[in-house]
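Written out below as structure tokens is the structure these notes cover.
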Amino acid sequence: MRMYDLIAKKQAGFELSKEEINYFIEGYTKGTIPDYQVSALLMAIYFKKMNERETADLTMAMVNSGDVLDLSMIEGVKVDKHSTGGVGDTTTLVLTPMVAALGIPVAKMSGRGLGHTGGTIDKLETFKGFSVEMSKEKFIEDVNNIKIAVVGQTADLVPADKKLYALRDVTSTVENISLIASSIMSKKIASGADAIVLDVKVGDGAFMKSYEDAKNLGEAMVSIGDNVGRRTIAVISDMDQPLGLAVGNALEVKEAIETLKGNGPKDLFELCLTLGSNMVMLANESLTEAKAREMLLETITSGAAIAKLKEFIAAQGGDVSCIDDINLLPKAQHIIEVKSDKEGYVSKIHAQEIGVVAMKLGAGRETKESVIDLAVGVVLNKKRNDYVEVGDTLAYIHANSLELGSKLKEELASCYEISKEYEEKIPLIYDIIK
Ligand code: URA
Ligand code: CA
């Protein structure tokens with residue numbers, strides 16, 4: 001087989017066989033096929049696209065390029081959840097104890113990554129002493145005993161994706177549905193998921209800016225799942241404003257604890273119930289959606305979910321006293337009010353820019369070496385469609401430097417658009433693709 005022929009074939013618009021796809025992924029991972037030939041093939045795929053069969057074959061070729069986590073020692077259906085990324089997305093912290101409280105195993109491998117706020121691991125490290133370093137044996141034992149554990153990314157998962165993503169990034173070939181879908185799905189499958197619930201975000205603060213694009217991506221990932229025997233559901237949800245109120249690490253942990261105690265923001269809780277009921281239905285196919293929701297709600301009213309959070313944090317060495325007393329969480333030295341100079345309805349909150357403000361305060365990483373300040377971030381006081389008067393507080397900046405926090409006031413205020421007219425509500429959940 002010659003790489004030249006594969007490039008020419010795709011360039012002419014033909015399908016690549018499974019063997020051809022395996023050949024190029026194996027060769028690229030090993031380093032026997034050079035970047036320039038893979039770049040050319042990526043560009044041909046970008047223009048001529050891949051069909052569902054090719055996309056599924058590409059996904060499995062990528063899965064097999066590295067280690068695959070064997071979770072067969074864990075009893076039950078391992079359902080994983082993945083978000084395509086948003087601003088202030090606290091769902092994992094809320095959702096996983098709820099699902100685990102129902103006896104459904106949550107075996108999560110997480111990374112840190114770059115972003116406006118830290119990743120799930122950074123947020124969990126808000127609990128003093130919490131550690132994601134553990135042996136595979138302890139990980140499996142914890143999931144079997146308490147139904148939930150989060151481990152750091154140690155295995156060499158999907159090395160083909162690391163190389164391909166970096167190459168796509170510099171060759172303007174990121175934006176292809178098959179390449180995005182296979183990249184995301186290969187990582188979930190390699191980390192041991194039997195079934196997957198995807199939260200595909202759409203809007204200003206998301207990777208997918210339009211509903212059409214988000215729907216196409218959701219459909220492509222569900223189709224991969226069907227083709228490779230991992231049942232997959234994609235929920236298309238709004239990211240045209242931050243989810244919940246908090247954007248920042250300890251601030252989101254506080255929001256998650258409050259939500260698990262039944263006092264969380266409505267949109268965050270509703271999305272958790274939607275994603276959660278789909279996870280429950282994938283784990284137990286005999287349940288209806290209404291029943292799954294009822295069971296999840298019961299984990300909140302009975303206190304089972306917050307008890308599960310405590311059990312999980314304690315099992316990984318974390319201090320759980322802040323769960324009973326949220327005043328013990330890390331706090332920023334300064335809380336600065338950002339006020340409205342207009343009257344009217346909030347018509348838009350630029351989620352992406354809110355994330356940037358949180359990052360500038362120190363909540364996220366700009367480079368791999370950045371050190372996160374767990375205490376800082378932004379807390380919204382008004383959300384879309386709320387009515388505000390001149391002088392009303394739009395949001396709060398939590399800063400450890402008064403100078404920096406004050407400097408960002410204007411930038412945060414300009415994230416809000418205020419209009420005289422009440423605009424039509426944007427739905428929280430657009431669609432569920434099964
Ligand atoms: N996220 C991923 O993991 N891969 C992509 O290709 C795009 C977004
Ligand atoms: Ca939030």
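For ligands, and for the atoms within them, numbers begin at 1 and follow the listed sequence.
Ring geometry, F312 versus F130: the interplanar angle exceeds 60°, so the pair is classed perpendicular (tilted spans 30 to 60°).
Residues that satisfy the side chain to side chain donor-acceptor pair (under 3.5 Å) test with T59, not counting sequence neighbours, are absent from this structure. Checked against ring pair (Phe, Tyr, Trp, His ring centres under 6.0 Å), Y165 has no partners two or more places apart in sequence or in another chain.
When atom types are taken as modelled, the side chain of D204 and the backbone of Q352 share a donor-acceptor pair closer than 3.5 angstrom.
Counting only N and O atoms by type, the side chains of H350 and E417 include a donor and acceptor under 3.5 Å apart.
The stretch residues 133-146 participates, sequence neighbours left out, in these salt bridge (charged side-chain N to carboxylate O under 4.0 Å, His left out) pairs: K138-D142.
At a heavy-atom cutoff of 4.0 Å, ligand 1 is surrounded by Y165, R168, I180, S183, I184, K187, F207.
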